[in-house]
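Have a look at the structure below, then the notes.
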Amino acid sequence: MTSPDSAPAAWCVIGRAPDRALGGVRGMGSMIAVVDLDDARQRIGRHQLGVDELPEFVRSREAEDRPRWVFSDTPNWYPALLAAGVQIERCYDLRLTHAILMRSELVTDRGGVAAAEEWEAGPVSAPTAPEAEALFEVTERRSHIKTVPHDIESALAEFSRQSTAVQTASDPGRLRLLLAAESAGGLVAAEMQAAGVPWDVAEHDRILAEELGPRPARDAKPAKMLAVAEEVRAALDDPRANLDSHVKLLHSLHAAGINVASTSKWELEQSEHPAIAPLLQYKKQSRLLTANGWHWLDEWVSEGRYRPVYVPGGVVTGRWAASGGGALQIPRQLRPALRADPGWRLISADVAQLEPRALAAMSGDAAMAEAGRGRDLYSGLVAEGIVGTRQEAKIAVLGAMYGSTTGDSGRLVPRLRTSFPAAMGLVDSAAEVGSRGGVVSTWLGRTSPAPGEGWRRLQSAANQFDATPQDENRARRAAGDQGRFTRNFVVQGTAAEWALAWLADLRLRLGRLPTVDDGNPGAASAGEAMGNVATASGPVFSRRAHLVFFLHDEVIVHAPAQQAEAAAEAIREAAASAGKLLFGNAPVDFPLDLTISERAAKG
DNA sequence: ATTAAAGGCGCG
DNA sequence: AAAGCGCGCCTTTAAT
């Protein structure tokens with residue numbers, strides 16, 4: 001059962017053991033195989049154990065040699081370990097890494113990886129909605145979604161294919177960094193879901209009551225919404241106006257002489273009619289009720305914890321997505337409901353202007369780096385005399401990264417081209433490549449998807465001798481769209497890489513903080529390694545600072561009060577180290593806005 | 001009756 | 001109704 005003690009294992013591949021006795025019955029093999037590999041990916045040991053023995057096995061290996069655990073798919077393996085009180089330090093997530101390697105421009109020979117189609121699949125994520133029906137629905141739907149194989153032989157084969165692809169890549173170091181960061185993101189997502197965001201249900205309910213009135217019975221509309229709706233109907237002089245149907249509402253608006261082409265907020269704001277103000281309020285109320293009302297609270301918050309489902313790598317650019325609970329769209333209005341446990345603090349930190357800083361760093365644009373050094377980058381542009389106001393700076397910079405050509409933005413962007421030729425050159429050429437149908441890559445080598453068949457047909461149709469002006473228009477628009485996509489891809493994707501590096505490093509730093517004693521918050525026991533901390537009987541996250549929230553350029557850490565300063569320092573150090581790791585000594589800094597408080601009251 | 005698309009708005 | 005990127009979620013309406 002134990003490995004021959006030659007070199008310590010660098011990698012431990014985990015998978016289901018082939019189960020001869022049950023011969024494929026429902027695929028429910030209860031044995032797990034763990035294969036130890038050395039640095040050269042040679043097998044140096046094999047272990048076979050029961051599923052229930054896995055946590056203890058992992059715990060002891062974390063104490064012993066801390067290998068990189070190779071998983072088919074982190075959500076398939078890690079939640080059970082966490083539930084058993086075991087954290088790991090590093091992993092390699094074959095599903096996430098496969099998705100990168102099969103597209104990366106850095107990979108010169110991707111044949112083997114690309115052929116392994118069974119590794120192109122969605123994550124298995126444990127649904128967390130406590131409601132039975134919802135749970136059933138989700139499971140039903142998920143059962144049709146392809147998942148990656150979880151058996152040991154498939155994992156070993158895929159790991160071997162991927163290792164070859166990386167070794168032969170044009171810049172293996174960069175790619176390895178990306179794969180490690182991506183995998184660490186998988187761990188963070190699983191841990192954050194397990195820990196949950198401390199959520200003050202009473203405060204949330206208070207906010208709802210303040211905006212909407214007290215919780216109504218069943219699915220009735222809350223009192224304040226009904227009142228506001230009546231105001232709108234009165235102002236429109238249309239007692240039967242339906243505010244919930246944009247088609248009917250648009251009709252009512254026209255009948256009242258309000259000339260709008262749609263019922264969107266943006267357009268309504270242009271109008272001065274007395275019905276507009278209450279209508280906008282009604283829309284805001286309606287949004288709050290349907291998206292984050294009492295129903296949401298019942299479904300996603302339990303025992304004082306909000307547990308959204310994160311999907312690392314869910315966006316092609318490398319950003320995370322979410323697949324339940326709306327983690328990426330918690331309205332600022334509800335931020336006060338994020339509240340630390342008694343005796344704990346929330347440390348919120350976000351990077352100011354992450355994307356333009358990532359652009360400055362990757363393009364080596366010294367002037368742009370200088371504009372942002374130690375200060376708000378937008379104010380820096382004003383100080384350098386490039387634009388007149390901070391607002392103009394923001395419009396110009398966003399316009400440059402998104403590819404706007406008209407309006408204020410289109411007017412301001414050219415000034416950046418003069419001041420920041422390197423940065424603008426980078427995004428302009430990314431756009432050029434994309435508009436011709438090419439692919440582009442982030443700093444670490446994540447590559448954009450090539451445009452689809454439909455896009456290519458459009459372009460070739462426009463090049464036919466009998467092409468109509470419509471053909472040409474459509475093709476030109478599609479080319480422009482693709483160009484703006486690739487323009488933004490390199491920036492958004494590189495920023496996502498910085499954020500992943502930040503998260504990964506922060507996670508390790510927090511894991512090295514001492515645990516505090518539950519019963520006696522003053523006492524801290526020093527120096528325990530991650531994975532040795534929790535007992536099977538105790539929650540993993542109850543005794544030490546840990547990540548609870550991540551949103552593109554922002555983290556929230558939940559920490560015992562006496563550890564809050566140390567956690568804040570870890571966040572700052574992790575940011576500095578992420579910058580160094582990705583960009584070396586490029587003169588770009590990534591300043592944080594950081595606050596320690598009991599509530600995450602922002603915005 | 002079920003599914004897909006569209007409109008709208010929240011987040012970065 | 002966005003101009004100008006990337007998402008998820010909810011509701012209504014259109015399509016099958």
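Rounded to whole Å, atom C1' of B/dG7 lies 13 Å from atom CG of A/Asp244. Atom CG of A/Asp481 and atom P of C/dA2 are 15 Å apart (whole Å). Spacing between atom CD of A/Gln285 and atom P of B/dC9 amounts to 14 Å, rounded to whole angstrom units. At whole-Å resolution of the value, CG in A/Leu249 and C1' in C/dT11 are 14 Å apart. With rounding to whole Å, A/Phe485 atom CZ is found 12 Å from C/dC7 atom C1'. Between the CZ atom of A/Arg319 and the P atom of C/dG6 there is a distance of 10 Å, rounded to whole Å. Separating the CG atom of A/Leu250 from the P atom of B/dG7 is a distance of 11 Å, rounded to the nearest angstrom. At whole-Å resolution of the value, CG in A/Asp553 and C1' in B/dG12 are 6 Å apart.
In this model, a side-chain donor or acceptor of A/Gln329 finds a partner on the base of C/dG8 within 3.5 Å.
Checking the phosphate oxygens (OP1, OP2) of C/dA2, no side-chain nitrogen or oxygen of A/Thr406 falls inside 4.0 Å.
In this structure, B/dC9 and C/dG8 make a Watson-Crick or G-U wobble pair, each of the two defining distances being under 3.5 angstrom. Across all strands shown, the partner of C/dA15 is B/dT2, judged by Watson-Crick or G-U wobble contacts whose two distances both fall under 3.5 Å.
The side chain of A/His246 has B/dG7 as its nearest neighbour among C/dG8, C/dC5, B/dG7. Considering only the side chain of A/Ser264, C/dA1 comes nearest among C/dA1, C/dG6, B/dC11. Among B/dG10, C/dT13, B/dG12, the nucleotide with an atom closest to any side-chain atom of A/Glu554 is B/dG12.
In the model, A/Thr494 has no side-chain atom that pairs as donor or acceptor with a side-chain atom of A/Thr442 under 3.5 Å.
Residue-to-nucleotide proximity on DNA chain C shows that, of A/Ala322 and A/Lys248, the 5′-proximal contact is made by A/Ala322. Residue-to-nucleotide proximity on DNA chain C shows that, of A/Gly324 and A/Val315, the 5′-proximal contact is made by A/Val315.
Using a 4.0 Å cut-off between charged nitrogen and carboxylate oxygen, A/Glu105 and A/Arg174 do not count as a salt-bridge pair. Ionic pairing of A/Arg456 and A/Glu453 is not present here: no N-O contact between side-chain nitrogen and carboxylate oxygen is shorter than 4.0 angstrom. Taking a cutoff of 4.0 Å between a charged side-chain nitrogen and a carboxylate oxygen, A/Lys265 and A/Glu269 do not qualify as a salt bridge. For the pair A/Asp553 and A/Arg357, the salt-bridge criterion is not met [side-chain N within less than 4.0 Å of a carboxylate O].
Partner of A/Tyr306 under the ring pair (Phe, Tyr, Trp, His ring centres under 6.0 Å) criterion, out of A/Trp296, A/Phe549, A/Trp300: A/Trp296 alone.
A/Gly403 comes within 4.0 angstrom of sugar-phosphate atoms only, judged by non-hydrogen atoms across all strands, and of no base. Residue A/Arg287 is in base contact, counting any heavy-atom pair closer than 4.0 Å across all strands shown. A/Thr290 comes within contact range of the sugar-phosphate backbone alone, with a heavy-atom separation under 4.0 Å but no base atom that close. The residue A/Thr405 sits close only to the backbone: its heavy atoms come under 4.0 Å of sugar-phosphate atoms, none of a base. Counting any heavy atom pair closer than 4.0 Å across all strands shown, A/Leu354 reaches no nucleic acid atom. Backbone-only contact: A/Gly325 has heavy atoms under 4.0 Å from sugar-phosphate atoms and none from a base.
When the P atom is used for both B/dA4 and C/dG4, the distance is 31 Å, rounded to whole Å. For B/dG7 and C/dA1, the P atoms lie 6 Å apart once the distance is rounded to whole Å.
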